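First up is the structure itself, then whatever we jot down about it.
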Amino acid sequence: MDTIFLESVTKRYRADIGRTEKTVLDNLSFCVKEGTVFGFLGPNGAGKSTTIKILLDFIRPDSGRVLINGVSPDCHEVRKGIGYMSEKPCAYVNMTIMELLSFRASVTGAGKRRGKGYADELLEKTGLVEHKNRPLKKFSKGMLQRASLALALVHDPKILILDEPLSGLDPLMRYEVIGLLRDLKEEGKTIFLSSHILNDIEKVCDEIAILNNGRILFVGRIDDVSIHEGLEEFFVKTLMGLQ
Amino acid sequence: MNNIILRIAWLSFNEGIRQRTIYGVSAFGLIMAAAAYTFIPFIGFDVCRVVIDFMLMAVSAGCLMIIFFLCLPGLIGDIRDQTVYFVLSCPVSREEYILGRFFGFTMILFIALVILDVPALLMVKLYMMKYPGYVPLHFEWHKLLLASFFRFYAALVFLSFVFLVWSIMESGVLVSIAAIIAYLIGQNINTVKNIAMASKTMGIAAKKLIVFASWIFPNLGYFNLNTYAVYGVKLPEYYMVKLLVYGLSYMSIAIVITMFLFKRRDL
Amino acid sequence: MIKKGLVLIIALLFYVSGFYWLSLNQPMETFSTEHMNARLLPSVSFLKAVCGEFAPLVSDVFFAYGAVLASNFNHSTPKENWGYLFQVLKLSRDMDPYFKDPYRLVQGIYPWIAKMPDRAISFLKKGVDFRTWDAILSYYIGFDYYFFSERYRESARYLFMSARIDHNPFMGTLASKIAYRGGDVDTGITFLTGVLKNTLNEKTRNTIMMRINALRGVKLLKKAVTEYKKRYGRMPGSLEELVSKGIIHKLPENPYKTPYRLEAGRIRFD
């Protein structure tokens, strides 16, 4: 079964004061199989974030069908199995990472299953152990990014939806996060990530989709792409309509 | 109650408390007490009445500050800074989020009430000891406490209306303006309605409009029990019970509509 | 570092001197007529609509302002200024009609210094409707009617009201005296009978009883005088004439020992 399934999804933003009507997603269809790492690529404003928001039921498509594990995302129980890392690290900035982790663990019901040690383990992995009792507002951009990742992982979800997980990280941390993603892949998790840092994507993804102006230009296995030419070259060519 | 709602309420409460608005409100309470201590003897002879009114108003103003400087920016920020995603990416329904947020703010307002009541009661006690001859004839402490509780209750009713406005409008500025207007209308709609009904020159359409508005906006003026607290003026029968029922039903309706609208909204 | 310090010192000097200079040039608060145009004051309904639950605070502020103004007023203050002050105090009253101080202030100055008892009375009347437990307001009105306007009927009415609020038999007697002076015997009798019911002290009861009896006598005589006037088209020369003409059998006995007498068309017992 497809873990994530989208079929002719269309989303328009209504015209408003100072804004004309805009089609953000136009007849979008693709699917992500269980256990794969799916890279969702596209320039800024292509509709990547909108797609992710639809997967998490933050916004609703105007038409089309979305299924996650065979269930529509507007059933909130679906999100028990989803770990989400947002593009803008967003959480209540006066809370400490530890408190936010325990909040998330408890509302997902993972608190009892995994015990407190797991949070420490996660913080260790993301390099935030010394900062676990500091409020988030004192964090740097990179630290927030890592905190956001830790929050996505705390309840051990089957599906990970990561919006630009690598942006704002220094090279070393980026390397570590990629390692972490690989480990997660080994564990058999399905990972859906959007990015515009193509080199790193290449290292972890099994499949990619290229999106521009709300339309899918390419979906396929990364092996088919990177053998002939680099991903970056392929990406640029696709966007320019040369492929 | 649902465990998830409590968790969100606790999160919301903690986040709010740590924003230190509550410190500002405590400082405000102390400043008001100091002002009461310094200036009231110059104002008049009826000092005990002045101090009671003054401190009750400090309670009201403090609760309003919490709503305008903490709850409202919190709600607006949830959408603008996308903090709402943090909660909603968990297996939490939007209804649970709204209720959790509301109860979190309720707790903060309650803490503010307690914090503001302490200097208020101390100041009133001080004046009554200093000027025993001016203690209002029918004054009783429980009446003062009830009056301050209903100020808090009015703040809650108003907060539910703020939620409603917030669920309708997207712009933070518009929500703030609408909240201020709603507060002013809510305070006076009852008086205005009475004046309008008694007026012979006002047209029927205008009268109907005012009656309609009085059904929509929270009638905050009803919750003002100053004369009861100060002079012990008798309230109509079961007035407080009616107030509780009115407030509770208003809040429930406002929150249910908020949930309904929020559920359908793109975040 | 030194530069910054220098700038700070110069700025401080400017601040201090500027502030001092400013306070020197602050014009003294003048209470000229131009400043006190009552039309410049906001209307009550506007203030009520804006202030909402903070109305009592606004009432306090207007009262404080009024009190400051009043302390600068005297016998030679022009009428317009008194009108302005009246508006200010009226705002204070209407923002919180339960607030006692404006009533007290108005009673303290308007009848006495401004020589405008009617204003004071009209001001106080609103308070009677709100401060229903407060005997002093109706007493003030009664006093003003009696002392300044010499309108005894009205005076008695408010004094009765005052007496009824705090069950004060002395005030009741006073009221009935004034009522009698105003020619209103019935009110006096009714009222005193009411007072009698609530009085337990034997001595006070006797005093009130005497008064009631005296008033009953007056009532009877008044009726007879009216009858006399109807028959003969003129006032009787004395009360004895009523007996000699057969309108009454005998003169009633005055509990105050002196006989009733007719003076300038009024029956007197004291």
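Bear in mind that the values here come from a model prediction, so they are computed numbers and not experimental data. The chains referred to below are lettered A, B, ... by the order of the sequence lines, with proteins before strands, and numbering in each begins at 1.
- Rounded to the nearest 0.5 Å, atoms CG (Asn3(B)) and OG (Ser106(A)) are 7.0 Å apart.
- Heavy atoms of other residues, nucleotides or ligands lying less than 6.0 angstrom from NZ of Lys207(B) number more than 12.
- Across all non-hydrogen atoms, the minimal contact from Pro91(B) to Val107(A) is CG-O, 3.8 Å.
- Under the 4.5 Å side-chain criterion, counting only non-hydrogen atoms from C-beta, Tyr92(A) is in contact with Val87(B).
- The environment of NZ in Lys185(A) is crowded: more than 12 heavy-atom neighbours from other residues, nucleotides or ligands sit within 6.0 Å.
- With a 4.5 Å cut-off on non-hydrogen atoms, Ile8(B) touches chain A through its backbone and its side chain both.
- Arg7(B) contributes no side-chain N or O that, together with a main-chain N or O of Phe103(A), makes up a donor-acceptor pair within less than 3.5 Å.
- Between His76(A) and Val92(B), the closest side-chain pair of non-hydrogen atoms is not below 4.5 Å.
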Evaluate the side chain to side chain contact (heavy atoms under 4.5 Å, CB included) criterion for residues Tyr84(A) and Leu88(B): first the C-alpha distance (whole Å), next the side-chain angles of each, then the deciding distance (0.1 Å), finally the verdict. CA-CA 10 Å; Tyr84(A) 166 65; Leu88(B) 289 184; over 6 Å; no
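- One finds the CD1 atom of Ile82(A) at 11.0 Å from the SG atom of Cys90(B) (value rounded to the nearest 0.5 Å).
- Annotation: side chain of Lys53(A) is not in contact with side chain of Leu267(B) (no heavy-atom distance under 4.5 Å).
- Heavy atoms from other residues, nucleotides or ligands lying under 6.0 Å from OH of Tyr37(B) number 12 at most.
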Can you check side chain to side chain contact (heavy atoms under 4.5 Å, CB included) on Asn94(A) and Arg20(B), steps first, answer last? CA-CA 10 Å; Asn94(A) 290 301; Arg20(B) 310 208 177 143; over 6 Å; no
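- The CD atom of Glu99(A) lies 6.0 Å from the CG atom of Asn14(B); values are rounded to the nearest 0.5 Å.
- By the 30° and 60° cut-offs, the orientation of the rings of Tyr85(B) relative to Phe58(A) is parallel.
- Residue Tyr13(A) qualifies as enclosed at atom OH: its count of foreign heavy atoms under 6.0 Å is above 12.
- Contact annotation for Arg94(B): only side-chain heavy atoms (C-beta onward) come within less than 4.5 Å of a heavy atom of chain A.
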After noting the C-alpha distance and the side-chain angles of Ser89(B) and Arg104(A), does the key distance pass the side chain to side chain contact (heavy atoms under 4.5 Å, CB included) rule? CA-CA 9 Å; Ser89(B) 60; Arg104(A) 223 186 224 179; 2.4 Å; yes
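- In terms of heavy-atom proximity, Arg60(A) sits nearest to Arg264(B) at NH1-CA, 3.8 Å.
- The environment of CD in Glu124(A) is sparse: at most 12 heavy-atom neighbours from other residues, nucleotides or ligands sit within 6.0 Å.
- Separation of atoms CG (Leu151(A)) and CZ (Phe86(B)) is listed at 5.0 Å; rounding is to 0.5 Å.
- Residue Ile161(A): no heavy atom, backbone or side chain, is found under 4.5 Å from chain B.
- Salt-bridge check for Lys263(B) with Asp74(A): failed, with every basic side-chain N at 4.0 Å or more from each acidic carboxylate O.
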